[in-house]
Amino acid sequence: MNTFPSRYAIIFAWLLCTTIFNTGTCNFNIRCNQKDKDALLKFQQGIKDPAGVLFSWSTQQDCCEWKGVMCDNITSRVTQLSLPCSTTFPTYTDKMDKSHCLTGSIYLSLFVVEFEFLYHLNLSNNDFSTIQFGSHVYAQNSHNLSTATPSHRCVNSSVLRYLDLSFNSDAKTSLQWLSHFSSLEYLNLDGIDLRKETKWLQSVTKLPSLLELHMRNCHLKDLSPSLQYANFTALKVLSLPGNDFHSTLPKWLFNLSSGISFVNLGSNSLQGQLPKALLNLQHLEVLKLEDNNFNGPIPHWLGEFEHLQHLNLRKNMFSGSIPTSLGNLSSLLFLSVGSNRLTGVVSEKNFVRLSKLKELALVISPPLIFDFDSHWVPPFQLERLILAFSGPKFPGWLYTQKSLEYLSIWESSFEAEGKFWNFLSRMKEVNLEHNSIDGKLSNVLLNSTFISLSSNDLKGWLPRLSSNVVVVRLSNNSLSGNLSSLLCDDEMLNGKSNLVYLDISLNLLSGGLTNCWENWKSLVHVNLGSNNLTGKIPASMGLLSNLTSFHLHENKLYGEIPSSLKNCHSLLIFNVRENNFSGNIPNWIPDAAKVLQLRSNHFTGNIPPHICHMSSLIVLDIANNTISGHIPNCLHNITNLVSGKTSHNKLSFFFPTRDGRFYTFEDNLELVIKGQALEYGKNLHFMNLIDMSGNNLSGTLPPQMFSLTGLCSLNLSRNKLTGKIPNEIGNMNMLESLDFSANQLRGEIPQTLSNLSFLSYLNLSFNNFTGKIPSGTQLQSFSALSYIGNAYLCGSPLANICFQDDIKQIKEDEDKSEFWSWFYIGIETGFGTSFLGVCCALFLNRKWRHAYFKFLYCLIDRLYVIGLININSFLLHSGEPEGENSEKAMAMAAKSNKSSTSLTVPNLFLLFTLLSLFSLFIFLFFPTATTIHSFPSPHASSTINVYVADLPRSLNYDLLHRYWTSFSDSRLSSDEDHQHPLSLHPIAKYPPYPDNPLIKQYSAEYWIMGDLITPPQQRVTSFAKRVLDPRLADVVFVPFFATLSAEMQLGANKGAFRKKTGNEDYNRQREVMDAVKSTEAWNRSGGRDHVFVLTDPVAMWHVKDEIAPAILLVVDFGGWYKLDSRGSNCSESGVLPHTQVSVIKDVIVPYTHLLPRLDLSQNKERHQLLYFKGAKHRHRGGMIREKLWDLMINEPGVIMEEGFPNATGRDQSIKGMRTSEFCLHPAGDTPTSCRLFDAIQSLCIPVIVSDNIELPFEGMVDYSEFSVFVAISDALKPNWLVNHLKSFSKEQKATFRQNMARVQPVFVYDNGHPGGIGPVPLDGAVNHIWKKVHQKFPMIKETIIRERRKPPGVSVPRRCHCT
């Protein structure tokens, strides 16, 4: 465009104004085009601006100077409009605060019709509710324009080249308007919900000039994998992460001819192996495929990408080793292959040409073996490093990395010396969590901005902090001492502190809280929970005005909560549970608080009305105090519990880093819900809860409370509440757990209670309720324990029959009684008539009479001869002389003859009657007897000799006495074993095992022990033969209830479980080992023939290394697998060191099933396809469960429920398993669970999703005869699992069920005798366990003999067993 004449025209006009009018009224500084200005004002009218972002948009001001507006310097036309909203990382909410952002609707037709020169539009990260092409006004203008001009500019008139509408997350839109922006080169729709756009690919391919396409987290579903070509003629950047693609990589991707350089398809559900066709994208610089389901080996041909700078393959299912060809990617800056199933060795060969590498991530579980030369110097200088390694020493080459700013090490074991801590002090970010670090933190200076050393078993005193530290996490270690070394080092701080986040929970810290908090005013999060801290809260903590989250739980603190804490205006979480605090509930808690947890203290007084002002509250837990008075009738003012909108209440702390990344830390709380005390972190914001149990509250239930429709759990048990349950309780439709037990409530249970469809836990026991339990499937599904202790309550599931039902029952009983009376009369009359008829026939017919008596005489003679022969034989074998035998025989014969002459008619009649009864007996019982299966005696083939080690009773049955008399499980609010006096077991010599399902599932130790101490005369069915001399024994059984001991410690004080100080379970473990290892039997075999029952994965946790050579009875091998870094011949992930668990020596035993057995004859028609009940979120191998859950949750015929089969959940599990054809069994925290054995007892066909699993009694039981085994890769294919299960015919499922019924007894421990003392079932679990041990014994014996022949001082090298 030639602007030369226009410039002269402007100069001429200016001179004309100044000379003719001699005034300044001609002002050419106004550059804004009036048409553009009018268009901008129209845009302003259509939106809302709550924070005055567009304050500068005044008609008195040049529009080119308005905020966000840029004009061309020559034409003065608007060319750019950029109004993105600036937000900060959210803290304690899962949604960014956009209250200051623009909102309303965007009408894109305005930018087509009104803006002729606009090429850049950025409205990202605002809060627009609608994005559409045009309103009726703009549509009309567009129509007029298009009809007035032949070029139809309205349809494709926009010159817009850059469009960014990303992160308007709540905006509703479609992609139909894209056709009006054919000139687009950059399109960003990240975070906009486009799930309804099934043809999104066709829409974006209509943009021929498109260079960059960004559609992150748009809920797109179809990637068109079979489409050969997509019309992306200019595309360079393709970014589609975080969508819902369930397919292989699309074919059109490999055929792009545009020279694409950036591909991001991470965080989808893409699957299959990487095709070699990817090599068609020769210009590729960035390839992001993380967090998918790709499998197979990492292709070696990836090393052929010459220009590749960024390769991210983490969190997939790749297997095999890392190809050395990746070391040829000389341009590579970023490499991440962690969180896969990779195995093998990593050495210098993997990094030969990676001289430009800046970021490396190698986190694999179990860790890879690092085989680097001790003097190796890498060709690169890293800035970020994430790794896990196997070996006792810290890799030496790491010390050569002088540019390293970020270091993260996971699941590794190494020594930490002074050189290591000095090395860390140079880092800006240090993340070393879940390792085993042998080191002390005493006198260590932490200097990094971000430091996380949680879960490492570090020892010593607390370290010192420099003023650079912002986040420090030292939780779950063994740190001791007081807080002074950390908080009171004024010399190091120099009056400056930037610390924001402090977590030193789950340690062994003691002493007071110190008075040095004035140095740490920047703190936002403080967690000092689960230590041994004592004293009062110092007043100086009130200086922490920024404090948002405050945790002091599980300590020994006392006194009143100081009023100085009212200065903490930002406090959202206040957690002081399980201390000794006293006084009244604080009335200064900020109105914005979300969590108030005062559980298990000594608070008194009334509930302050101020609590009703806390409208954002989601957790109110004041249980187990001595609070009195009435429940406030203003609780309905807690609006957050009324609305139930929990999505904005996620209690997470976000910490941003300099490179745009951020850390997220969820606050964890232990809550008692549905009778269990569980940790809630990630899902805490879903748990709206009020718990006022265990206090002295009185009065009636305020009806206003039941308007809290968003409440999930309500517990008012163990108070002195009176009155009736209001009918308004039916409004609480989100309620899952309700506990009103142990109060003085009366009246009838309201019918509206049956409307609570989500209710899965109910306890109304021990009140004064009367009348009939309301009918309906909801309330009848709970067990009788939910209603016991209400003397005048009746109806199902209670045995008490209601009055009206009683009348009906009496009438039915009368009808039945009349029937049986006439039946018996008929039987007696018929018998008498028949007998009289036989007698009359014999009396009247002489021929018959003579024949009958002749038959009797012959029968008597026959019996006489048989008896005489037997007597002679007996006397002969007894050694008496033959003459004496003859004399005795003659005497007996004479006596017999004498007797035979005395056969009178009465005697004959009596004999006839006895013979008739004998015949009748043979007739009735002989056919049944012939059908009884005869099992061979287990001793007929072989037995195993077992010696029971001599341990004090305090380690087994006295431990049960303690459990029943004094133990209280803090994890359960409604412990079935201790809740009611009626359920307390009398103190017997052999008390029963707990019914608490957390413990009962591991009860194998109880039944095995019971069998061994059963008196010998009753042990006729036992495969194990008990011997009293250890020299005669094949194996030595260690009678320690290890599981019960561990679970009692976890229930009493789980914070001390991983520590040795204050841990009663550790003391018992130590007592067992000291006693057993001092015996001759242990020294003779090195413990290899000793049997330990470790059904709980945490049993004997502190001494596992000491018992590793022994025979371990475990429920699975989960958590035991470790690579032997010194094994030269074993390279697979299944390789086990000799001293760890192995199928060679150890026995997999079944869990104890929690659900009752269903006989095959009781099986009914099943209407559901698949059932699963359990926790969605698990760790390690259980990550697969989350993906399966998301795939299956909406499938028809599939039921996926959160929960555990205890209390009321038991009834739901019974119903679910007995009405479903198949039961799903994915891995959780461990590969198996009691769920599998519950399914077998419920005749629900198990669907086992696993690539590698060990099951009990394999070789004796063929699981393929009644189970369906599915590979993980197949299960994660969309719709595959459901279609596979539907393919089984009715006959196949019936066969599965018949085979399952045959093996049901194999997995049963209970022998039906009190205390387990009595004969065990021949085909039960106990006998199968000993048979399995017997199978292992030859190999164990061989090992013992080999060990004995060693010359003194010679050590046997560790051997590998490939299983």
Side-chain angles (χ1 to χ4, degrees), residues 91-94 505 525-527 529 547-554 561 568 570-579 581 585-586 589-601 603 607-608 610-625 627 631-632 634-653 665-695 705 708-717 732 734-739 761 970-971 973:
T91 298
Y92 297 104
T93 176
D94 64 350
S505 60
H525 175 102
V526 174
N527 190 343
L547 193 61
T548 303
S549 177
F550 191 26
H551 298 263
L552 293 175
H553 57 281
E554 296 179 11
I561 306 296
C568 304
S570 303
L571 197 62
L572 298 180
I573 301 174
F574 187 62
N575 172 18
V576 295
R577 74 169 189 272
E578 297 183 46
N579 278 284
F581 290 116
I585 295 178
I589 304 293
D591 292 348
K594 298 178 183 294
V595 172
L596 179 60
Q597 191 169 45
L598 310 179
R599 182 184 193 87
S600 300
N601 279 283
F603 289 107
I607 300 175
H610 173 72
I611 282 182
C612 299
H613 300 156
M614 300 161 65
S615 59
S616 300
L617 206 62
I618 62 172
V619 172
L620 174 59
D621 187 355
I622 57 174
N624 298 334
N625 285 283
I627 298 168
I631 298 175
C634 57
L635 291 178
H636 62 283
N637 293 327
I638 306 177
T639 55
N640 217 35
L641 298 180
V642 175
S643 63
K645 294 181 180 179
T646 59
S647 61
H648 302 322
N649 298 320
K650 192 170 183 179
L651 301 176
S652 302
F653 177 84
F665 306 124
E666 283 97 11
D667 270 79
N668 291 317
L669 283 180
E670 184 184 88
L671 301 177
V672 179
I673 297 179
K674 300 181 183 180
Q676 298 184 66
L678 298 174
E679 287 276 348
Y680 290 88
K682 187 175 180 180
N683 296 322
L684 178 59
H685 58 301
F686 293 117
M687 298 302 166
N688 289 354
L689 170 143
I690 291 180
D691 192 344
M692 300 181 180
S693 60
N695 283 288
M705 170 181 282
L708 302 177
T709 53
L711 203 61
C712 296
S713 177
L714 176 60
N715 190 346
L716 303 177
S717 63
M732 307 179 75
M734 299 298 293
L735 203 62
E736 299 178 20
S737 177
L738 178 65
D739 193 343
Y761 180 88
S970 63
R971 299 170 295 177
S973 68

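Values in this document were obtained by computation on a predicted structure and should not be read as measured data.
Under the 4.0 Å criterion applied to side-chain N and carboxylate O atoms, D691 and R599 are assigned as salt-bridge partners.
With S737 contributing its side chain and K674 its backbone, the two residues share a donor-acceptor pair below 3.5 Å. Listed for the T548 side chain is no donor-acceptor partner under 3.5 Å among the backbone atoms of L571. Under a 3.5 Å cut-off, the side chain of Q597 and the backbone N or O of E670 do form a donor-acceptor pair. For the pair N601 (side chain) and N579 (backbone), a donor-acceptor distance under 3.5 Å is present. Not a single donor-acceptor pair under 3.5 Å links the side chain of N640 to the backbone N or O of S615.
Closest of all the heavy-atom pairs between A592 and S616 is O-CB, 3.7 Å. Closest approach of L671 and M687 over heavy atoms only: CD1-CB, 4.0 Å. Counting all heavy atoms, side chain and backbone alike, L689 lies closest to D621 at CD2-CB, 4.2 Å. Residues M692 and I607 come closest through the heavy atom pair SD-CD1, 3.8 Å. Across all their heavy atoms, N715 and S717 have their closest contact at OD1-OG, 2.8 Å. Residues P586 and P608 approach most closely at O-CG, 4.3 Å, considering heavy atoms.
Looking at S600 and R577, their side chains never come closer than 4.5 Å, going by heavy atoms from C-beta outward. Taking the side chain as every heavy atom from C-beta outward, E578 and H553 never approach each other to under 4.5 Å.
Atom-to-atom distance recorded for I638:CD1 and L711:CG is 9.0 Å, nearest 0.5 angstrom. The CD1 atom of I627 lies 3.5 Å from the CD1 atom of I585; values are rounded to the nearest 0.5 Å. Taken to the nearest 0.5 Å, the CG atom of L641 stands 8.5 Å off from the CG atom of L635. Atom-to-atom distance recorded for I561:CD1 and F603:CZ is 4.5 Å, nearest 0.5 angstrom. Between M705 atom CE and I631 atom CD1 the span is 4.0 Å, to the nearest 0.5 Å. The CG atom of D591 lies 7.5 Å from the CE atom of M614; values are rounded to the nearest 0.5 Å.
Side-chain contact annotation: D667 with H551, donor-acceptor N/O pair under 3.5 Å present.
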Determine whether F574 and L598 satisfy the following criterion, side chain to side chain contact (heavy atoms under 4.5 Å, CB included), listing intermediate values before the conclusion. CA-CA 8 Å; F574 187 62; L598 310 179; 4.0 Å; yes
